[in-house]
S.K.: 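Please read through the structure below; I'll follow up with questions.
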Amino acid sequence: MLDSDSIQNRFHRFSLPSKIRFQMIVLHFCLGFSFSQCQLGKVTEPNATAKDQTQILDSSVSSSHLEWQKIKETVWIHRSFGEFQGQVFSANGLVILLNKGAVVIDTPWTESQTEELFSEIQTKFQKEILFLIVTHAHDDRMAGVPLFQKRNIPVYSTSLTAKLAKERGFGKTNPILDIQTRFALGNESIEVFFPGHGHSADNIVVWLAQTHILFGGCLVKALDAENLGNVKEADLNEWPNSVKRILSRYPDAEVVVPGHGDWGKLDLLRHTIRLLVSPNH
């Protein structure tokens, strides 16, 4: 029979290693839990800025499909992706839903994304395209024009855009927008306006009177834009005056959609002017 001293001695011999093993298990558990929490924090913590996200997009060539953003029930942005100087950027166009069909402002950046546009307008909105308006003769605005022509969908532009498009192989457009600047289309009125040379010599904007949406195209920069982008054909002296004319003509615009980046309000126009008058532009 074991006395109390024997029991106490055996307890000490066996309990010390047991305590160590238990402490080691607890330590491993805590370390593992802390590491998992740290890793989880890295995934979920919203530290990425808009600039960082833009850089990620620029270095990625995997964004080949259209994205859709709803502004109003009847007005959607179609966002496509294309390459410029070795980087991938997004480009905005509009789809305006009318009682009799849809009007498209600018094509996606590539023909494959334009094919996707046709398919999704039919499946997503159950609409046929009435006509296309192109805002200037660059590939991020009208690379898909030949596909509209194959489907016998009218393509409208200014005469200068038509001339430049022909020279650059973008296809043939109907240059009626110098004369017909307004389209009354049931639930929406569409107006095109040439404010003057800016991003390009032929850039126009599109105004939707019922929904108070202004499509500024590449004449207008997004709020997170830190520079003017492609200025190869720009008139940097006249550009701010052109933007001021837009501000004067459409002071009640509730939504302003730039050619690239996120849409906002009239502060996009003011931001564009600030970039233009900055000594670093």
Side-chain angles (χ1 to χ4, degrees), residues 66-82 90-98 100-110 113-114 116-118 120-121 124-125 127-145 147-149 151 153-158 161-162 165 170-171 173-178 180-195 198-200 202-220 222 246 250 253-264 268:
L66 283 183
E67 292 180 357
W68 292 90
Q69 291 184 351
K70 182 172 74 171
I71 304 176
K72 306 268 186 176
E73 286 297 332
T74 57
V75 184
W76 291 68
I77 292 174
H78 66 80
R79 175 166 288 178
S80 58
F81 301 87
S90 64
N92 300 324
L94 285 189
V95 173
I96 306 157
L97 304 177
L98 307 165
K100 295 182 178 180
V103 171
V104 177
I105 311 298
D106 289 335
T107 80
W109 205 324
T110 66
Q113 290 172 108
T114 302
E116 188 176 344
L117 178 77
F118 293 138
E120 294 202 10
I121 287 177
K124 190 178 184 70
F125 306 116
K127 299 284 186 182
E128 297 294 330
I129 299 174
L130 301 175
F131 58 87
L132 165 71
I133 291 174
V134 290
T135 58
H136 62 277
H138 286 166
D139 57 353
D140 60 338
R141 305 292 118 198
M142 57 184 307
V145 163
L147 299 181
F148 280 80
Q149 293 169 333
R151 289 164 174 77
I153 300 171
V155 179
Y156 299 147
S157 75
T158 63
T161 297
F170 290 141
T173 68
N174 187 346
I176 69 170
L177 298 183
D178 295 331
Q180 185 174 352
T181 59
R182 289 186 178 88
F183 300 85
L185 299 164
N187 57 314
E188 187 60 86
S189 175
I190 300 174
E191 176 182 279
V192 299
F193 174 58
F194 173 66
H199 167 75
S200 66
D202 59 327
N203 47 211
I204 60 174
V205 299
V206 180
W207 170 245
L208 308 182
Q210 268 65 41
T211 48
H212 292 257
I213 295 172
L214 176 70
F215 182 77
C218 297
L219 191 68
V220 178
I246 299 170
Y250 305 113
E254 297 175 2
V255 173
V256 178
V257 182
H260 306 273
D262 292 333
W263 56 273
L268 270 69

S.K.: Is the number of heavy atoms from other residues, nucleotides or ligands within 6.0 Å of NZ (Lys124) greater than 12?
M.R.: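 Atom NZ in Lys124 is packed in, count exceeds 12.
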
S.K.: Kindly indicate whether the side chain of Leu117, heavy atoms from C-beta on, has any atom under 4.5 Å from the side chain of Leu147.
M.R.: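 Side chain of Leu117 against side chain of Leu147, heavy atoms only: no contact under 4.5 Å found.
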
S.K.: Could you check Glu188 against Thr74 for side-chain hydrogen bond (donor to acceptor under 3.5 Å, both in side chains), going step by step and ending with a plain yes or no?
M.R.: CA-CA 9 Å; Glu188 187 60 86; Thr74 57; 5.0 Å; no

S.K.: Under a 4.5 Å cut-off applied to non-hydrogen side-chain atoms, are Thr161 and Val134 in contact?
M.R.: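 They are in contact (side-chain heavy atoms under 4.5 Å apart), so the answer is yes.
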
S.K.: Looking at every heavy atom in both Leu177 and Thr181, which two are closest together, and how far apart are they?
M.R.: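 Residues Leu177 and Thr181, closest heavy atoms: O-CG2, 3.4 Å.
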
S.K.: Would you check if the side chain of Asp106 reaches a backbone N or O of Thr135 as a donor-acceptor pair within less than 3.5 Å?
M.R.: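 A pair under 3.5 Å: yes.
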
S.K.: Test side-chain contact (heavy atoms from CB on, under 4.5 Å) on Asp139 and Phe170; report intermediate values, then the result.
M.R.: CA-CA 7 Å; Asp139 57 353; Phe170 290 141; 3.8 Å; yes

S.K.: Indicate yes or no: at least one non-hydrogen side-chain atom of Glu116 is less than 4.5 angstrom from one of Pro108.
M.R.: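 Result no, sub-4.5 Å side-chain heavy-atom pair not found.
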
S.K.: Evaluate the side-chain contact (heavy atoms from CB on, under 4.5 Å) criterion for residues His138 and Cys218: first the C-alpha distance (whole Å), next the side-chain angles of each, then the deciding distance (0.1 Å), finally the verdict.
M.R.: CA-CA 10 Å; His138 286 166; Cys218 297; 5.8 Å; no

S.K.: Within this structure, what is the CD1-OG1 distance for the pair Ile133 and Thr107, rounded to the nearest 0.5 Å?
M.R.: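 Going from CD1 on Ile133 over to OG1 on Thr107, the span is 13.5 Å.
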
S.K.: For Gln180, look at atom CD and say whether over 12 heavy atoms of other residues, nucleotides or ligands are found less than 6.0 Å away.
M.R.: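 For Gln180, atom CD is crowded (more than 12 foreign heavy atoms under 6.0 Å).
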
S.K.: Go through Val95 and Val103 one step at a time and tell me if the side-chain contact (heavy atoms from CB on, under 4.5 Å) criterion holds.
M.R.: CA-CA 6 Å; Val95 173; Val103 171; over 6 Å; no

S.K.: Specify the closest pair of heavy atoms between Asn203 and Phe194, including all atoms of both residues, with the distance to one decimal.
M.R.: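 So the two residues come closest at O-CD1, 3.2 Å.
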
S.K.: Evaluate Ile71 against Val257 for side-chain contact (heavy atoms from CB on, under 4.5 Å), listing each step before the verdict.
M.R.: CA-CA 10 Å; Ile71 304 176; Val257 182; 3.7 Å; yes

S.K.: Which pair of non-hydrogen atoms, one from Pro195 and one from Leu219, has the smallest distance, and what is that distance?
M.R.: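 Result for this residue pair: CG-CD2, 3.5 Å.
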
S.K.: State whether the side chain of Arg151 and the backbone N or O of Ile129 hold a donor-acceptor pair below 3.5 Å, judged by distance alone.
M.R.: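 No, the answer is negative, given that no donor and acceptor are paired below the 3.5 Å cut-off.
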
S.K.: Please state whether the rings of Trp109 and His260 are parallel, tilted or perpendicular, taking 30° and 60° as the class boundaries.
M.R.: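 Plane angle between 30° and 60°, so tilted.
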
S.K.: Quick check: closest heavy atoms across Ile105 and Leu132, and the distance to 0.1 Å?
M.R.: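 Answer, listing the atom of Ile105 first, then Leu132: C-CD1, 4.3 Å.
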
S.K.: Can you see which heavy atom on Gly171 is nearest to which on Ala165, and at what distance?
M.R.: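 Heavy-atom minimum between the residues: O-CB, 3.7 Å.
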
S.K.: Taking the six-membered ring for Trp and the full ring for Phe, Tyr or His, determine whether the centres of Phe131 and Phe183 are under 6.0 Å apart.
M.R.: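 Ring centroids of Phe131 and Phe183 are less than 6.0 Å from each other.
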
S.K.: With a 4.5 Å heavy-atom cut-off, do His78 and Glu67 have their side chains touching?
M.R.: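 Heavy-atom side-chain distance check fails, nothing below 4.5 Å.
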
S.K.: Just by distance, do the side chain of Ser90 and the backbone of Phe81 share a donor-acceptor pair under 3.5 Å?
M.R.: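 Checked: no pair found.
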
S.K.: First locate atom OG1 of Thr110, then atom CG of Leu66, and finally report the distance between them rounded to the nearest 0.5 Å.
M.R.: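 If I round to the nearest 0.5 Å, the distance is 7.5 Å.
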
S.K.: Would you say the side-chain atoms of Asn92 pair up with the backbone N or O of Pro258, donor to acceptor, closer than 3.5 Å?
M.R.: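 Looks like yes, one N/O pair under 3.5 Å.
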
S.K.: Working to the nearest 0.5 angstrom, can you tell me the gap between Glu73 CD and Asn187 CG?
M.R.: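 Those atoms lie 12.0 Å apart.
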
S.K.: Are the side chains of Asn174 and Pro154 in touch, meaning some heavy atoms are under 4.5 Å apart?
M.R.: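 No - every pair of side-chain heavy atoms lies 4.5 Å or more apart.
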
S.K.: Taking the side chain as every heavy atom from C-beta outward, state whether Lys127 and Leu97 have any pair of such atoms under 4.5 Å apart.
M.R.: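 With C-beta onward as the side chain, the pair touches.
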
S.K.: According to side chain to side chain contact (heavy atoms under 4.5 Å, CB included), who are the partners of Glu254, at least two apart in sequence or on a separate chain?
M.R.: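 Side chain to side chain contact (heavy atoms under 4.5 Å, CB included) check on Glu254 returns Lys72, His212.
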
S.K.: Could you state the interatomic distance from CG (Leu130) to CG (Leu185), rounded to the nearest 0.5 Å?
M.R.: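 It is 7.0 Å, given to the nearest 0.5 Å.
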
S.K.: Which distance, rounded to the nearest 0.5 Å, do you find between the CG of Asp202 and the CZ of Arg141?
M.R.: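 Taking CG in Asp202 and CZ in Arg141, the distance rounds to 11.5 Å.
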
S.K.: Given salt bridge (charged side-chain N to carboxylate O under 4.0 Å, His left out), test Asp262 with Arg79 step by step and report yes or no.
M.R.: CA-CA 10 Å; Asp262 292 333; Arg79 175 166 288 178; 3.6 Å; yes

S.K.: Might you confirm whether atom CD of Glu128 has over 12 heavy atoms from other residues, nucleotides or ligands at distances under 6.0 Å?
M.R.: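 Count not over threshold, so no.
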
S.K.: Distance-only, no hydrogens or angles: does the Gln210 side chain make a donor-acceptor pair with backbone N or O of Ser189 under 3.5 Å?
M.R.: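 A pair under 3.5 Å: yes.
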
S.K.: Which atom pair, heavy atoms only, marks the closest approach of Met142 to Ala137?
M.R.: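 Scanning both residues completely, I find the closest heavy atoms to be SD-CA, 3.5 Å.
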
S.K.: Check whether any side-chain heavy atom of Trp207 sits under 4.5 Å from a side-chain heavy atom of Arg182, and report yes or no.
M.R.: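 Trp207 does not reach Arg182 side chain to side chain.
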
S.K.: Do Phe125 and Trp68 make the cut of ring centroids closer than 6.0 angstrom?
M.R.: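 They qualify: ring centres under 6.0 Å apart.
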
S.K.: Is there side-chain contact between Leu94 and Trp76, with heavy atoms separated by less than 4.5 Å?
M.R.: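 Result no, sub-4.5 Å side-chain heavy-atom pair not found.
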
